[in-house]
Amino acid sequence: MSKVKTFWGRISIQKKLYLIFGLMAVLIVLELLTLKYAMTNLSAVRAFVYGESVWSKAQKDSAYYLKRMAITKDIKDYEAYKKALFVPHECRIARLELNKENPDMELVRRGFINGKIHPEEVGPILHMIQTFDFLPHIQTALRTWKEADELLQTFEVRAEDYRREVFASHSDPQKRRAIAVELDRINFELGKAEDRFSHALQEGARWLENVVLISLICLVIIVEVIGFLLVFFFGNSLAEKLNQLIDSARRIGKGEFGVALPVTTEDEVGKLTAAVNTMGQKIKSSHSELEKKIAERTVELNEAIKTRDEFYSIASHELKTPVTAIQLSLQMMQKSLNDTTTELNREKLLFQINKSVELSRKLTNLQDTLMDVTRISGGMFDMKLVQQDLMDVVRHSVEEAEMSVPGRSVDLEGPEHCYTAIDPLRIGQVITNLVHNGLKYGGGTQVKVTVKDLPEWIEIAVSDQGPGISADLHEKIFDQFIRVNPDKGISGLGMGLYIARKIVEAHGGTLKLSSAERRTTFTVSLPKIAG
Ligand code: ADP
């Protein structure tokens, strides 16, 4: 049973349906074969009864010719009597042969055919006699046939006596009458035997009909019950499994990703169950991965918010410092101008004005930086490329940076000219920023700018020998708001390097930080583009 279950579980739904259909078909074929078998046997009975009627008619004819012979005393009637007995004689030969242990079937067949049985019916009759000889009806019929044969033999013996009496020159009328009376009695007995024979066969036929009918009804019931049970169990288990799958899908839909149904079969439903289980597991793992990522992103976001808040506080501080200083200078100037008692100190006034101009320039730089950041994040950071002598831009930027830190100078090394397509203002901004950083964070060491005109690139390296930047920050330093040691009192927004790298990248170049032999070097590489 368990083997059948395993086999059933392994085959596909299509094959299961074919099997159910095949089994039903086999049962129906069985039903039809039973019907055919029954019909053949019924037809054999019919043919056998017909044979009996032929036998009976022949016997009756023989009796008739015998009586006629007594009246006509014509030998032709005797011959007709003899001829009429041909059919019963042939049937007797067949019967006697059949009773033998090893009957000559050809002889039997010939006997039946000569006894006026249709050749096609001989086979079924023989089959019926041999197969159903255990049945009382068949036994009665065969016994009656034998009795009738024996009676007929007696009839024939007495008929010979009768013939002799009829054709004798001195016949005894009394003896003749006595023989005729006996012949009549035998004839009568034969009639009764014939009735018994056909009655027994008809009984047998009725029995067979009933057996066949009951068998057919049983078979139909078996077919229907088996069909119903197969469809019921198969349909039920299929519906149950599909309902479980629907339930699992619903639960997965509601967020219960760990749902796992047992895979009991290898058919389509089993495969679907395995697929749903895998899907649930995959969703579960990607869900937890997603949750992990969300947690990481939340941390990053919180850090970004913290950095942004720090930036706002630095930015407001950076704005406030020059604004306060400008206010102070203006108040001092106002005081000097209002004071009519003391002579106007022109030098002091000029110092205050210069200081205010310097501070307002710082404010403008700050505003430019903020504008650049807005442009970069808004994707509106356009470059206006023109063919330019890069050395001019570098020289001008270095001077500008030098001016912002009075008393400091920068070493510049490079070719006389080198040309490529750049946005001069933006590249100038990058160089100024890098040189300015060197002056600010280089610990007072000499800042050096080296320009190299390579075959495909132009390299501008800005270096100092200050404290440098630790290796783990070499990439991060180019992110927004990143500042190393922000508490050291040097003002800044942590945006300069971020903007610088964006500008260089917009030119198709790179900006990298390296440190070797205690030297911190920012290298700008720009592609050489012909104008
Ligand atoms: P800001 O100077 O406005 O703070 P930057 O993006 O230009 O912003 O610089 C980011 C940080 O990188 C600075 O705060 C500083 O700590 C560090 N830095 C930049 N250049 C140098 C340098 N040459 N030597 C050491 N540290 C530097």
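Values in this document were obtained by computation on a predicted structure and should not be read as measured data. We use all heavy atoms of the structure for the numbers below, so side chains are in, but hydrogens, waters and symmetry mates are not. In listed order, ligands and their atoms are each counted from 1.
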| query | Does F478 offer a backbone N or O that forms a donor-acceptor pair with the side chain of R501 under 3.5 Å? | reply |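 Side chain of R501 to backbone of F478, a donor-acceptor pair under 3.5 Å: no, none is there.
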Under 3.5 Å between any N/O of [X] and any N/O of ligand 1: does that happen in this structure?
X	result
G494	yes
L493	yes
G496	yes

Give a yes-or-no answer on whether the side chains of [X] and [Y] include a donor-acceptor pair shorter than 3.5 Å.
X	Y	value
D267	Q14	no
T131	H127	yes
S329	Q352	yes
T420	Q388	no

Identify the protein heavy atom lying closest to [atom], giving its residue, its atom name and the separation to 0.1 Å.
atom	answer
atom 6 (O) of ligand 1	L497 N, 2.8 Å
atom 4 (O) of ligand 1	R483 NE, 2.8 Å
atom 25 (C) of ligand 1	Y441 CB, 3.5 Å
atom 7 (O) of ligand 1	N437 ND2, 2.8 Å
atom 12 (O) of ligand 1	I477 CD1, 3.3 Å
atom 23 (N) of ligand 1	D464 OD2, 3.0 Å

| Options T521, I469, T369, L473, ranked by nearest heavy atom to atom 27 (C) of ligand 1, top entry |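 Nearest heavy atom to atom 27 (C) of ligand 1 lies in I469.
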| query | So how far is it from L370 CG to L319 CG, rounded to the nearest 0.5 Å? | reply | 7.0 Å
Please list, in number order, the atoms of ligand 1 under 4.0 Å from a heavy atom of [X].
X	value
V484	14 (O), 16 (O)
G492	1 (P), 3 (O), 4 (O)
N433	7 (O)

| query | Where's the contact between I482 and ligand 1, heavy-atom distance under 4.0 Å: side chain, backbone, both or neither? | reply |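 The answer is the backbone.
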| said: Tell me the contacting part of M495 for ligand 1: side chain, backbone, both, or neither, using a 4.0 Å heavy-atom threshold, strictly below. | reply: backbone
| task | Could you check if a side-chain atom of R483 sits within less than 4.5 angstrom of a side-chain atom of Y441, using non-hydrogen atoms only? | result | yes
| Do H507 and I427 have side-chain heavy atoms sitting under 4.5 Å apart? |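 Result yes, sub-4.5 Å side-chain heavy-atom pair found.
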| message | Regarding E318 and K362, does a basic nitrogen lie under 4.0 Å from an acidic carboxylate oxygen? | response |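 No salt bridge links E318 with K362.
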| Close approach, K440 and ligand 1, non-hydrogen under 4.0 angstrom | yes
| said: So, 4.0 Å and heavy atoms of F522: is ligand 1 close enough to count as a contact? | reply: yes
| message | How about NZ on K528, more than 12 heavy atoms from neighbouring residues, nucleotides or ligands closer than 6.0 Å, or not? | response |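 Counting neighbours around NZ of K528, more than 12 heavy atoms of other residues, nucleotides or ligands fall under 6.0 Å, so yes.
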| CE of M380: more than 12 outside heavy atoms within 6.0 angstrom? | yes
